[in-house]
Amino acid sequence: MCGIAAIVSHQAVNQELYDALTVLQHRGQDAAGIVTCEQGRLHLRKDTGLVRDVFTNAHMMKLKGNMGIAHVRYPTAGCTSSAEAQPFYVNSPFGLTLAHNGNLTNSHELKEALFVQDQRHINTDSDSEILLNVFAHELQSLGKLHLSVDDIFNAVSGVHQRCRGSYAAVIMIAGVGILGFRDPHGIRPVVFGERKTEQGTDLMIASESVALDVIGFQLIRDIAPGEAIFIEESGALHTQQCATAIDHCPCIFEYVYFARPDSIIDNISVYKARLRMGKKLAEKIQHIWQDHDIDVVIPIPDTSRTSALQIATILKLKFSEGFMKNRYIGRTFIMPGQKMREKSVRQKLNAIGLEFEGKNVLLVDDSIVRGTTSAQIIQMARDAGAKKVYFASAAPPVRYPNVYGIDMPAAHELIAHGRTEEDVRVEIGADYLIYQDLADLIEAVRQANPSIKHFDTSCFSNEYITGDIDAQYLEKIEGLRNDAARGEGSTGNFIIEMQNCD
């Protein structure tokens with residue numbers, strides 16, 4: 001999972017791109033990058049680390065120009081070294097830079113075709129570099145020195161024909177403008193908005209609407225599945241549907257965990273969706289566990305707080321903040337390496353003993369993935385004096401890998417894979433375990449936008465919407481994603497300072 005942003009403005013964009021990345025930091029803590037354009041010259045800074053650590057005042061001063069794109073990343077399958085920090089750059093044609101959120105499911109065959117047929121060299125294991133080179137080839141095959149808007153949209157159509165999987169991307173064409181586009185399934189989110197100024201209208205593209213909010217842009221709408229928008233350097237906006245067949249299937253895990261609650265994705269408030277998840281789960285508890293003896297509902301910070309509050313309200317139970325979170329520790333789900341994740345749980349959370357002592361507590365989390373974190377938290381509750389510890393997940397059992405840009409573990413590392421719910425309860429050490437039903441999760445999210453007929457629920461259902469995922473593909477990513485294969489995280493330092501990229 002990654003975060004992208006792009007701005008075409010009447011003033012310098014370096015600070016606003018930086019601010020946008022800080023708001024999108026929850027989408028990736030492995031690397032960050034910004035590239036700006038000034039009079040056809042590109043200025044790029046990227047490195048591993050948090051946004052605040054990657055960019056110094058000296059770096060920001062060099063990021064000159066009124067348009068630019070930005071990226072925050074966490075490593076996905078086949079993309080674990082610091083060399084994969086984005087944005088990526090190719091000099092031909094015209095000078096292109098790309099920031100991408102998603103995962104191409106046919107990256108292997110694309111990489112081979114790019115080398116054999118298109119004679120393009122791919123320097124990393126990142127499918128984002130492949131996506132950029134596919135677009136570059138489609139643009140270059142037109143054989144034009146001066147591009148029209150139709151030329152750019154035709155190149156996007158070529159990308160849709162060649163690429164499978166998920167991609168929400170922004171591409172800056174040096175001295176020309178910024179392009180944003182989304183795969184025909186609309187799996188990963190991307191929105192755009194505007195800001196009126198005395199000089200004219202500024203335009204912005206971002207993974208989530210909250211990035212627009214914080215720097216004063218008004219949300220216009222989501223980029224539709226298969227659609228592309230192009231913003232000229234002058235600020236002129238063009239939109240076009242570039243896919244011949246679309247089937248809107250946004251990733252439901254965005255609403256469960258990844259997106260910020262103050263974002264709106266595909267006309268659905270993430271906050272409201274999580275409230276409805278809590279309502280559905282409370283109704284399930286009322287139905288199957290009428291004689292419960294829960295004393296207090298306690299959320300596991302932060303994502304589950306909204307659902308937990310709704311559960312407590314409907315069940316007429318006390319709601320308490322039983323865990324205090326150290327906000328300077330990253331999200332354990334996206335940390336590479338099991339040892340790092342386990343160590344960070346104790347560093348990140350601390351139990352307030354008074355809220356647990358002698359009580360039967362219902363802990364609420366957004367989901368259970370590996371289960372090791374859940375087990376540690378349950379033990380923390382017991383150590384704090386809880387009499388009984390019950391556990392509720394606002395999502396169904398995560399049994400299968402996600403192949404569309406969420407780096408969920410190898411299948412055998414998912415605690416629910418091949419196990420019953422009772423097996424999971426025993427593994428994590430809970431006195432009672434209750435999961436959200438998949439139908440209820442879908443209904444909770446879709447209620448705000450009934451026009452969405454399908455969601456990507458592959459990590460729960462084993463149904464992969466692109467139709468090209470088989471056992472061989474899953475076996476391949478199993479080898480890439482397991483902790484033994486990728487060790488305890490990437491090391492090293494990779495810095496690019498590009499001043500002249502005409």
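Predicted model only: the values in this text are computed from it and were never measured. Residue numbers run from 1 in the order of the sequence given.
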Undergrad: According to salt bridge (Lys or Arg N to Asp or Glu O under 4.0 Å), who are the partners of Asp202, at least two apart in sequence or on a separate chain?
TA: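 Only Arg195 meet the salt bridge (Lys or Arg N to Asp or Glu O under 4.0 Å) criterion with Asp202.
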Undergrad: May I ask you to say whether Glu84 pairs ionically with Lys46, meaning some side-chain N is under 4.0 Å from a carboxylate O?
TA: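 Answer for the salt bridge query: no.
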Undergrad: One pair to check against side-chain contact (heavy atoms from CB on, under 4.5 Å): Ser393 and Asp366. What are the steps and the verdict?
TA: CA-CA 6 Å; Ser393 168; Asp366 51 77; over 6 Å; no
Undergrad: Is a donor from one side chain sitting under 3.5 angstrom from an acceptor on the other, for Arg305 and Gln310?
TA: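 No - no donor-acceptor pair under 3.5 Å links their side chains.
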Undergrad: Could you label the plane-to-plane angle of the Tyr18 and Phe55 rings as parallel, tilted or perpendicular, counting under 30° as parallel and over 60° as perpendicular?
TA: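 Because their plane-to-plane angle is over 60°, the rings of Tyr18 and Phe55 count as perpendicular.
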Undergrad: Within the 3.5 Å criterion, strictly below it, is a donor on Gln86 or Ser128 matched to an acceptor on the partner's side chain?
TA: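 Judged by distance alone, the side chains do pair up.
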Undergrad: Indicate whether any N or O donor in one side chain lies under 3.5 Å from an N or O acceptor in the other, for Glu463 and Thr457.
TA: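 Short answer, no.
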Undergrad: Taking atom CD as the centre, does Glu283 end up with more than 12 heavy-atom neighbours from other residues, nucleotides or ligands that are less than 6.0 angstrom away?
TA: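 Count over threshold, so yes.
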Undergrad: How long is the span from the CD1 atom in Ile415 to the NE2 atom in His412, to the nearest 0.5 Å?
TA: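 So the CD1 of Ile415 and the NE2 of His412 are separated by 13.0 Å.
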Undergrad: Does the pair Asp437/Lys284 count as a salt bridge with the N-to-O cut at 4.0 Å?
TA: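 Lys284 and Asp437: salt-bridged.
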Undergrad: Between Asp262 and Arg260, does at least one N-O distance fall below 4.0 Å, as a salt bridge requires?
TA: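 A salt bridge is present here (some side-chain N lies under 4.0 Å from a carboxylate O).
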Undergrad: Is there a side-chain contact (heavy atoms from CB on, under 4.5 Å) between Glu208 and Leu24 once you walk through the steps?
TA: CA-CA 8 Å; Glu208 296 184 33; Leu24 296 173; 4.1 Å; yes
Undergrad: Looking at Gln218, I want to see if its CD is surrounded by more than 12 non-hydrogen atoms of other residues, nucleotides or ligands under 6.0 Å.
TA: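 No, the 6.0 Å shell around CD holds no more than 12 heavy atoms from other groups.
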Undergrad: When rounded to the nearest 0.5 angstrom, what distance separates CZ in Phe153 from CD in Gln241?
TA: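 So the gap between those two atoms works out to 10.5 Å.
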Undergrad: Among Val170, Val156, Ile229, exactly one meets side chain to side chain contact (heavy atoms under 4.5 Å, CB included) together with Leu179. Which residue is that?
TA: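 Going through the options one by one, the only one that passes is Val156.
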Undergrad: For Thr124 and Glu129, which I'm curious about, is there any donor-acceptor pair between the side chains at under 3.5 Å?
TA: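 Distance-only check passes for Thr124 and Glu129.
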Undergrad: Evaluate salt bridge (charged side-chain N to carboxylate O under 4.0 Å, His left out) for Lys111 paired with Asp118, printing each intermediate quantity in order.
TA: CA-CA 10 Å; Lys111 186 174 183 178; Asp118 304 343; over 6 Å; no
Undergrad: Considering only NZ, NE, NH1 and NH2 on the basic side and carboxylate oxygens on the acidic side, decide whether Asp456 and Arg188 come within less than 4.0 Å.
TA: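 Salt bridge absent between Asp456 and Arg188.
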Undergrad: Answer with yes or no whether the side chains of Asn449 and Ser451 bring together a donor and an acceptor at under 3.5 Å.
TA: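 Distance-only check passes for Ser451 and Asn449.
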Undergrad: Do you know which two heavy atoms are closest between Ser126 and Phe88, and how far apart they sit?
TA: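 Between these two residues, the closest heavy atoms are OG-CE1, 3.4 Å.
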Undergrad: What closest approach, in Å, do Pro93 and Leu139 show between heavy atoms, and which atom pair accounts for it?
TA: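 Here Pro93 and Leu139 meet closest at CG-CB, 4.0 Å.
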Undergrad: Begin with the C-alpha distance, continue with both residues' side-chain angles, and end with the deciding distance and a verdict on side-chain contact (heavy atoms from CB on, under 4.5 Å) for Val134 and Ile130.
TA: CA-CA 6 Å; Val134 170; Ile130 292 172; 4.3 Å; yes
Undergrad: Do the side chains of Pro396 and Tyr435 get nearer than 4.5 Å, heavy atoms only?
TA: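 No. Closest side-chain heavy atoms not under 4.5 Å.
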Undergrad: Between Tyr400 and Ser461, is there a side-chain donor-acceptor contact under 3.5 Å, judged purely by atom types and distance?
TA: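 No, no side-chain donor-acceptor pair sits under 3.5 Å.
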Undergrad: Is there side-chain contact between Thr303 and Arg274, with at least one heavy-atom pair below 4.5 Å?
TA: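 A side-chain contact exists here, since the closest heavy-atom pair is under 4.5 Å.
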Undergrad: Please report the closest heavy-atom contact between Ala174 and Leu42, naming both atoms and the distance.
TA: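 It is CB-CD2, 4.1 Å.
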Undergrad: So, Asn123 versus His121: side-chain donor-acceptor pair below 3.5 Å or not?
TA: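 Short answer, yes.
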Undergrad: Do Val398 and Ile368 touch side chain to side chain, with heavy atoms closer than 4.5 Å?
TA: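 Val398 does not reach Ile368 side chain to side chain.
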Undergrad: Where do Tyr473 and Thr105 come nearest, in terms of heavy atoms and distance?
TA: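 The answer is CE1-O, 3.1 Å.
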Undergrad: Is there a side-chain contact (heavy atoms from CB on, under 4.5 Å) between Leu474 and Ile469? Walk through the geometry before answering.
TA: CA-CA 7 Å; Leu474 293 176; Ile469 305 303; 3.8 Å; yes
Undergrad: Is any side-chain heavy atom of Tyr255 closer than 4.5 Å to a side-chain heavy atom of Ile265?
TA: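 A side-chain contact under 4.5 Å exists here.
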Undergrad: If you draw a 6.0 Å radius around CD in Glu112, do more than 12 non-hydrogen atoms from other residues or ligands fall strictly inside?
TA: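 Atom CD in Glu112 is not packed in, count stays at 12 or less.
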Undergrad: Determine, for Asp151 against Lys144, whether the closest basic-nitrogen to carboxylate-oxygen distance falls under 4.0 angstrom.
TA: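 Salt bridge between Asp151 and Lys144, a charged N being under 4.0 Å from a carboxylate O: yes.
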Undergrad: So if I apply the side chain to side chain donor-acceptor pair (under 3.5 Å) rule between Asn133 and each of Glu138, Arg120, Gln140, which one comes out positive?
TA: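 Of Glu138, Arg120, Gln140, side chain to side chain donor-acceptor pair (under 3.5 Å) with Asn133 is met by Arg120 alone.
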Undergrad: Should His43 and Arg41 count as side-chain neighbours, where that means a heavy-atom distance under 4.5 Å?
TA: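 Yes; the side chains approach each other to less than 4.5 Å.
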Undergrad: Strictly distance-based, threshold 3.5 Å: is any side-chain N or O of Gln436 a donor or acceptor partner for the main-chain N or O of Met277?
TA: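 Judged by distance alone, yes, a pair lies under 3.5 Å.
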Undergrad: Let me confirm one number: the CG-CE distance from Asn402 to Met408, rounded to the nearest 0.5 Å.
TA: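 One gets 5.5 Å once the value is rounded to the nearest 0.5 Å.
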Undergrad: Going by the side chain to side chain contact (heavy atoms under 4.5 Å, CB included) test, name the single residue among Thr239, Ile171, Ile152 that passes it with Phe230.
TA: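 Among Thr239, Ile171, Ile152, the one meeting side chain to side chain contact (heavy atoms under 4.5 Å, CB included) with Phe230 is Ile152.
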Undergrad: Which heavy atom of Ala206 sits nearest a heavy atom of Leu212, and at what distance?
TA: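 Answer, listing the atom of Ala206 first, then Leu212: CB-CD1, 3.5 Å.
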Undergrad: With a 4.0 Å cut-off on N to O distance, would you call Glu227 and Arg182 a salt bridge?
TA: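 No, Glu227 and Arg182 are not salt-bridged.
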Undergrad: So, the side chain of Asp183 versus the backbone of His185: is there a donor-acceptor pair under 3.5 Å, distance only?
TA: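 Yes, the answer is positive, given that a donor and an acceptor are paired below the 3.5 Å cut-off.
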Undergrad: Taking atom types as modelled and ignoring hydrogens, do the side chains of His238 and Glu232 form a donor-acceptor contact shorter than 3.5 angstrom?
TA: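 Yes, because at least one side-chain N or O of His238 sits under 3.5 Å from a partner of the opposite role on Glu232.
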Undergrad: Hey, can you pull the donor-acceptor pairs under 3.5 Å for the side chains in residues 63-72, sequence neighbours left out?
TA:
| unit_1 | atom_1 | unit_2 | atom_2 | d |
| --- | --- | --- | --- | --- |
| Asn66 | OD1 | Ala12 | N | 3.3 |
| His71 | NE2 | His100 | O | 3.0 |

Undergrad: Scan Ser263, Ser209, Pro189 and name whichever one has a side chain to side chain contact (heavy atoms under 4.5 Å, CB included) with Val270.
TA: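 One option only clears the test, and that one is Ser263.
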Undergrad: Between the side chains of His160 and Tyr167, is a donor N or O closer than 3.5 angstrom to an acceptor N or O?
TA: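 A donor-acceptor contact under 3.5 Å links the two side chains.
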Undergrad: What is the minimum heavy-atom distance between Leu110 and Cys163, and which atoms define it?
TA: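 So the two residues come closest at CD1-SG, 3.8 Å.
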Undergrad: Check Arg27 with Glu254, please: is the shortest side-chain N to carboxylate O separation under 4.0 Å?
TA: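 A salt bridge is present here (some side-chain N lies under 4.0 Å from a carboxylate O).
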